[in-house]
Amino acid sequence: MKDRTPTPGASELIGRLGGAVLGAIRGRVGLTQEGFAEQLGVGVSTLQAWESGRRPLVNASFAEIQRVNRGLRAHNPDPSLLVVFEKALVADSIYGELATVGSPEHPLSVIVPDRTLTELLAWPLTGEVPRQLSEIRTRLYVPSTVQDAVAQDLCDAADQAGTGTERTAMLRRQVKFLVASNSSTQGWLRQQTTSDTRAIPDLSAWSPSWAVARSQAVASAHSGDLDPLRRFIDQGLASDDLIAANLNYWAYWVGEHDTYWTDDRDMVSQRATWSGDRLLASLVTGVATAPYRELCAHALWALLRARRDLLRSSEQARHIGRAVEIALSDEAGLTGKVRQRMEQVAYLVESAI
């Protein structure tokens, strides 16, 4: 990968995510800024600076960050919100590295974000609140000029990095996702989409192109084009190893893994030690509502085939059965092998009730 240039606009985002999540959790547990600042032993102005991002909490000492964590935990917030807070600090650190010249490797080429981290990174660029924060009050305003500047800088970074290596493929895949909703980069995004769609890589074995093709197939389905998705299912999930890689990545995406991956190759090299509960919940929702439900249907079939123990109760089986019934309706439009696999899932579910 070529030496990278900094992303100046990202300096406007450092500390904004951790601060916004901190303020949201504080408000959720009913604390005022004055009360929480007193509890932490800091001035109200310090807490306000943390929450606004003027004084990035990610740059504070480890001891200070742990004190804030303990202060929040003392009020028994939803544990998932504390996870979001920790990941918001990771997102702030990524934007901090984007804004500086340090390692020649782009920070998005050395970490594979899961769904929560990805949504946090995208939040200041799109204004779309991460799903785990959707039911609580949050404050994060980023001017469109900053959004456009950071999005364009990310596109430039992906172009400057070149092509042909696992790291550059990983960087390009993540940049495409982050800028997908930015109006100023739609021309660049269309070029990338056209290039990736026309490439039609060999999907019979895992490669960085397999990961790119999977990502592009999901993006195309969001736009109403199901052909790339169906091609990926037919060719990219034609072996047990590739089916396992798809499940392993999806489990990582929904938060089943404890540590961050540093390479797309972890899809095939990391041992599948995850429980499957979060993945099952995600897939059940997906087969009923997602535009890429055909991929969800294939993955649900593969998951239950490998993990029959997930059908551990009649109530769970009935919940899955309701989603499968929607997936098998005429309106869902499942055809061919995917429909057959959903019918097999329906049989498994019926047997467990």
Side-chain angles (χ1 to χ4, degrees), residues 9-100 107 111 113-150 178 181 254-255 258 260 278 281:
S11 63
E12 300 289 331
L13 305 180
I14 304 170
R16 301 292 303 281
L17 292 162
V21 177
L22 172 61
I25 299 175
R26 176 188 55 73
R28 181 68 165 183
V29 299
L31 287 169
T32 63
Q33 287 183 329
E34 292 78 7
F36 193 42
E38 181 179 358
Q39 177 190 338
L40 295 177
V42 301
V44 175
S45 61
T46 296
L47 180 60
Q48 291 173 337
W50 283 342
E51 291 188 0
S52 68
R54 295 194 310 274
R55 181 176 171 181
L57 184 59
V58 70
N59 293 338
S61 69
F62 178 78
E64 283 184 303
I65 294 173
Q66 291 307 302
R67 182 170 49 175
V68 172
N69 255 314
R70 288 193 300 271
L72 292 174
R73 291 178 187 277
H75 296 276
N76 299 313
D78 185 329
S80 67
L81 293 178
L82 295 174
V83 173
V84 176
F85 176 55
E86 293 172 1
K87 294 188 177 186
L89 295 178
V90 174
D92 279 335
S93 73
I94 290 174
Y95 275 121
E97 192 172 347
L98 281 173
T100 61
I111 185 173
D114 61 13
R115 180 169 63 191
T116 300
L117 181 54
T118 297
E119 290 181 353
L120 284 164
L121 287 167
W123 185 14
L125 302 182
T126 65
E128 185 172 345
V129 178
R131 68 190 66 202
Q132 288 178 284
L133 300 174
S134 61
E135 295 183 1
I136 65 177
R137 185 179 180 183
T138 57
R139 293 180 179 178
L140 179 65
Y141 170 72
V142 177
S144 60
T145 52
V146 174
Q147 292 177 331
D148 292 347
V150 175
L178 292 177
S181 298
V254 299
D258 293 331
Y260 286 116
R278 290 183 186 177

message = Between R73 and L82, is the side chain to side chain contact (heavy atoms under 4.5 Å, CB included) condition met? List the steps.
response = CA-CA 8 Å; R73 291 178 187 277; L82 295 174; 3.5 Å; yes
task = Evaluate side chain to side chain contact (heavy atoms under 4.5 Å, CB included) for I136 paired with L81, printing each intermediate quantity in order.
result = CA-CA 10 Å; I136 65 177; L81 293 178; 4.1 Å; yes
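- For the pair L125/S181, no side-chain contact is recorded, criterion being any heavy-atom separation below 4.5 Å from C-beta on.
- A heavy-atom distance below 4.5 Å is not found between the side chains of V21 and T138.
- Counting only residues at least two apart or in different chains, salt bridge (Lys or Arg N to Asp or Glu O under 4.0 Å) contacts with residues 133-142 are absent.
- Applying the side-chain hydrogen bond (donor to acceptor under 3.5 Å, both in side chains) rule to pairs touching residues 114-129 yields K87-D114, T116-Q132, E119-R131, sequence neighbours excluded.
- Of the possible polar contacts, one joining the R16 side chain to the Y141 backbone as a donor-acceptor pair under 3.5 Å is found.
- Applying the salt bridge (Lys or Arg N to Asp or Glu O under 4.0 Å) rule to pairs touching residues 21-33 yields R26-E51, sequence neighbours excluded.
- We find the CD1-CH2 distance between I65 and W50 to be 9.0 Å, quoted to the nearest 0.5 Å.
- For the residue pair P56 and G15, the shortest heavy atom distance occurs at CB-CA, 3.7 Å.
- A 6.0 Å sphere centred on CZ of R278 holds no more than 12 heavy atoms belonging to other residues, nucleotides or ligands.
- For A99 against S11, the heavy-atom pair with the smallest separation is CB-N, 3.6 Å.
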request  = Apply side chain to side chain contact (heavy atoms under 4.5 Å, CB included) to L178 and V150, showing your working.
outcome  = CA-CA 10 Å; L178 292 177; V150 175; over 6 Å; no
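- In plain terms, the two heavy atoms of G19 and D92 that are nearest each other are N-OD2, 4.5 Å.
- For the pair L120 and A91, the tightest heavy-atom approach, listed with the atom from each and the gap, is CB-CB, 4.2 Å.
- Evaluated for a side-chain contact (heavy atoms from CB on, under 4.5 Å) with I94, the options L89, L121, I14 yield exactly one hit, L121.
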inquiry  = Walk me through whether N76 and V29 qualify under side chain to side chain contact (heavy atoms under 4.5 Å, CB included).
reply    = CA-CA 8 Å; N76 299 313; V29 299; over 6 Å; no
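- Of all non-hydrogen atoms in L140 and A20, the two that sit nearest each other are CB-CB, 4.3 Å.
- Using a 4.5 Å cut-off on side-chain heavy atoms (C-beta onward), Y95 and P124 make contact.
- Atoms OH and CG, from Y260 and L117 in turn, are 4.5 Å apart once rounded to the nearest 0.5 Å.
- Residues T46 and R55 have side chains in contact (heavy-atom distance under 4.5 Å, counting atoms from C-beta outward).
- Atom CD of E38 sits about 14.0 Å away from atom CD of Q33, to the nearest 0.5 Å.
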